[in-house]
Number of protein chains: 2
Amino acid sequence: MSQTVDRALSILPLLAEGPADLGRVAERLGVHKSTALRLLRTLHEHGLVYRQSDQRYRLGARLFALAQEAMENLDIREIAHPHLVRLNEQCGHTVHLAVHEENEVLYIDKVDSRYPVRMYSRIGKPVAITVAAVAKLLLADLPEPERRALAERLDYPLYTPRSTPNADAFLKELATVREQGWATDLGGHEESINCVAAPIRGADGRVVAAMSVSAPNVVVTAEELLALLPLVRRTADAISGEYSGRTPVKDPTV
Amino acid sequence: MSQTVDRALSILPLLAEGPADLGRVAERLGVHKSTALRLLRTLHEHGLVYRQSDQRYRLGARLFALAQEAMENLDIREIAHPHLVRLNEQCGHTVHLAVHEENEVLYIDKVDSRYPVRMYSRIGKPVAITVAAVAKLLLADLPEPERRALAERLDYPLYTPRSTPNADAFLKELATVREQGWATDLGGHEESINCVAAPIRGADGRVVAAMSVSAPNVVVTAEELLALLPLVRRTADAISGEYSGRTPVKDPTV
DNA sequence: TCGGCCGTTGCAATATGCGCAACGGCCATT
DNA sequence: AATGGCCGTTGCGCATATTGCAACGGCCGA
């Protein structure tokens with residue numbers, strides 16, 4: 001809506017690809033060098049952009065700090081974290097926590113597997129929305145029309161032969177997930193990795209987050225992983241209870 | 001330099017304090033509501049700001065993704081990480097990696113202690129610049145005038161009785177650190193936590209990063225921790241060698 | 001030493017963002 | 001159930017902030 005700000009903000013993802021000099025930034029933005037310079041200067045003053053010794057620009061430190069603060073404001077994460085750790089101690093596998101936001105599903109917390117073989121994922125990274133078990137849970141809870149609209153808008157990359165192929169299949173899967181109250185991803189993203197996931201609900205019953213346990217099938221078979229489902233669901237329910245205020249937490253001064 | 005962008009970016013730290021509604025944002029910015037609305041909309045389109053169900057705004061998801069990408073682009077981090085892990089395996093304590101940027105020192109990597117007692121720190125968080133061992137190393141390497149100017153500009157919070165009390169003491173400490181090529185923080189930030197740190201240098205010999213080992217004195221005494229210094233320095237030197245290209249890395253195709 | 005490249009600055013034209021005022025929906029109060 | 005007030009939203013005209021240009025200067029390589 002605001003051209004100037006729009007251009008300035010477009011610089012950030014551009015620099016996320018790697019450091020760039022003034023000329024490249026101006027070119028990619030489609031503006032004059034002097035314009036790009038002024039925008040970069042403003043970003044710099046706010047610490048979002050850093051000018052390294054070779055004069056090229058890259059993303060700056062304040063971005064980290066902001067992201068961290070944003071993270072800490074997500075109270076669901078704070079509440080869930082100890083539960084995730086406990087679950088990880090019990091089963092040993094990688095545990096993820098994810099939320100839905102603006103047509104994306106992203107991991108907001110993670111406890112790494114205690115097995116040497118770990119899966120690749122990052123906090124803050126958007127998940128493969130059409131196949132991830134946590135994504136299914138979060139999207140399955142959307143109102144019908146939104147769910148349909150979103151499903152039609154998505155791409156359905158075939159990460160593996162078991163990936164969700166198209167919108168119809170996805171909507172059908174979401175219906176199932178919605179019914180049963182849990183979800184899986186059996187090799188839909190990475191051939192050898194399986195996940196089981198359960199929803200975390202707020203006081204009004206709506207799904208506010210989802211958590212999953214993931215493991216490569218060289219460590220446990222899909223069946224063994226599914227056997228963990230009750231444990232995962234109990235953990236998710238415990239978090240739901242605490243989040244919605246049903247379960248009295250340690251400090252009753254509030 | 002650019003008024004519009006400046007205003008827009010000022011919204012981010014404001015929202016980092018916690019969710020705020022339109023009125024509050026406009027008030028804090030000192031602009032008309034309609035102006036704040038347009039800025040927020042632009043930020044929203046770029047995913048930097050999210051509008052939650054109660055209509056209030058908070059920091060958005062793309063911020064995480066950007067910060068993560070920025071992080072991955074820091075090649076020093078990539079090179080150092082395996083060394084940090086190895087050091088952690090050898091000594092068991094928390095290992096940090098930090099860089100200096102724009103008057104701040106911040107952690108860019110961390111390997112958690114394997115002891116149950118962990119210290120509180122976050123990747124991306126600015127460190128206590130006047131007391132942290134890694135900060136001393138990074139600032140000690142600045143050119144004299146800059147070092148002095150920075151030291152005078154800083155605040156010297158007394159986290160503990162052993163915290164650096166003022167600019168003079170700090171500069172004296174930096175001189176010592178510069179001479180000896182390593183640094184400690186013995187209870188200067190948290191009464192019961194000690195750190196030893198060593199510098200990582202680029203090809204030109206300048207300090208580009210610093211790493212530290214931290215442990216609470218309920219686990220090891222300060223003396224025992226200091227005994228790890230040679231190991232820490234060897235690790236830092238190994239990273240320096242690889243970073244500056246002196247040490248041939250695994251893939252010689254470049 | 002010279003030439004070209006890249007970042008930087010001042011300026012004039014105008015596109016762009018600004019504040020205003022009025023609208024409309026929502027919630028709480030009577 | 002009706003009403004008042006609050007908050008977010010919109011269209012508009014004016015003025016200002018932003019833009020692109022052209023010229024400068026420093027740096028590096030030829």
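A, B, ... follow the sequence lines: proteins, then strands. Residue 1 opens every chain.
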For residues [X] and [Y], determine if any side-chain heavy atom of one lies less than 4.5 Å from a side-chain heavy atom of the other.
X       : Y       : result
P199(B) : D141(B) : no
L139(B) : H100(B) : yes
L12(A)  : H46(B)  : no
I239(A) : M211(A) : yes
K33(B)  : L37(B)  : no
I11(B)  : Y57(B)  : no

- Using a 4.0 Å heavy-atom cut-off across all strands, classify R51(B) as base, sugar-phosphate, or nothing.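 Sugar-phosphate only.
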- Message: Below 4.0 angstrom, which residues in residues 32-47 of chain B have at least one non-hydrogen atom near DNA chain C?
- Response: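 H32(B), S34(B), T35(B), R38(B), in order of number.
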- List in numerical order all residues of residues 2-11 of chain A for which some heavy atom is under 4.0 Å away from an atom belonging to DNA chain C.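 Contacts with DNA chain C under 4.0 Å: S2(A), Q3(A), T4(A).
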- Can you check the M1(B) CE to dT19(D) C1' distance for me, whole Å?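 One finds 15 Å between C1' of dT19(D) and CE of M1(B), rounded.
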- Where chain A begins and ends its contact with DNA chain C, read 5' to 3' at 4.0 Å from heavy atoms: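 First-to-last contact on DNA chain C, by the 4.0 Å heavy-atom rule, is dG7(C) to dG17(C).
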- Task: For the pair E144(A) and R148(A), evaluate salt bridge (Lys or Arg N to Asp or Glu O under 4.0 Å) and give the outcome as yes or no after the intermediate values.
- Result: CA-CA 6 Å; E144(A) 210 306 282; R148(A) 174 169 301 275; 3.8 Å; yes
- Query: Between R24(B) and E17(B), is the closest basic N to carboxylate O distance under 4.0 Å?
  - Reply: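 No, no charged N to carboxylate O under 4.0 Å.
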- Query: Checking side-chain contact (heavy atoms from CB on, under 4.5 Å) against I108(A), which of H96(A), R77(A), E101(A) comes through?
  - Reply: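 Exactly one candidate clears the test, R77(A).
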- Please say which of T130(B), V127(B), L137(B) ends up in a side-chain contact (heavy atoms from CB on, under 4.5 Å) with V105(B).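 With V105(B) as partner, T130(B), V127(B), L137(B) yield a single side-chain contact (heavy atoms from CB on, under 4.5 Å), made by V127(B).
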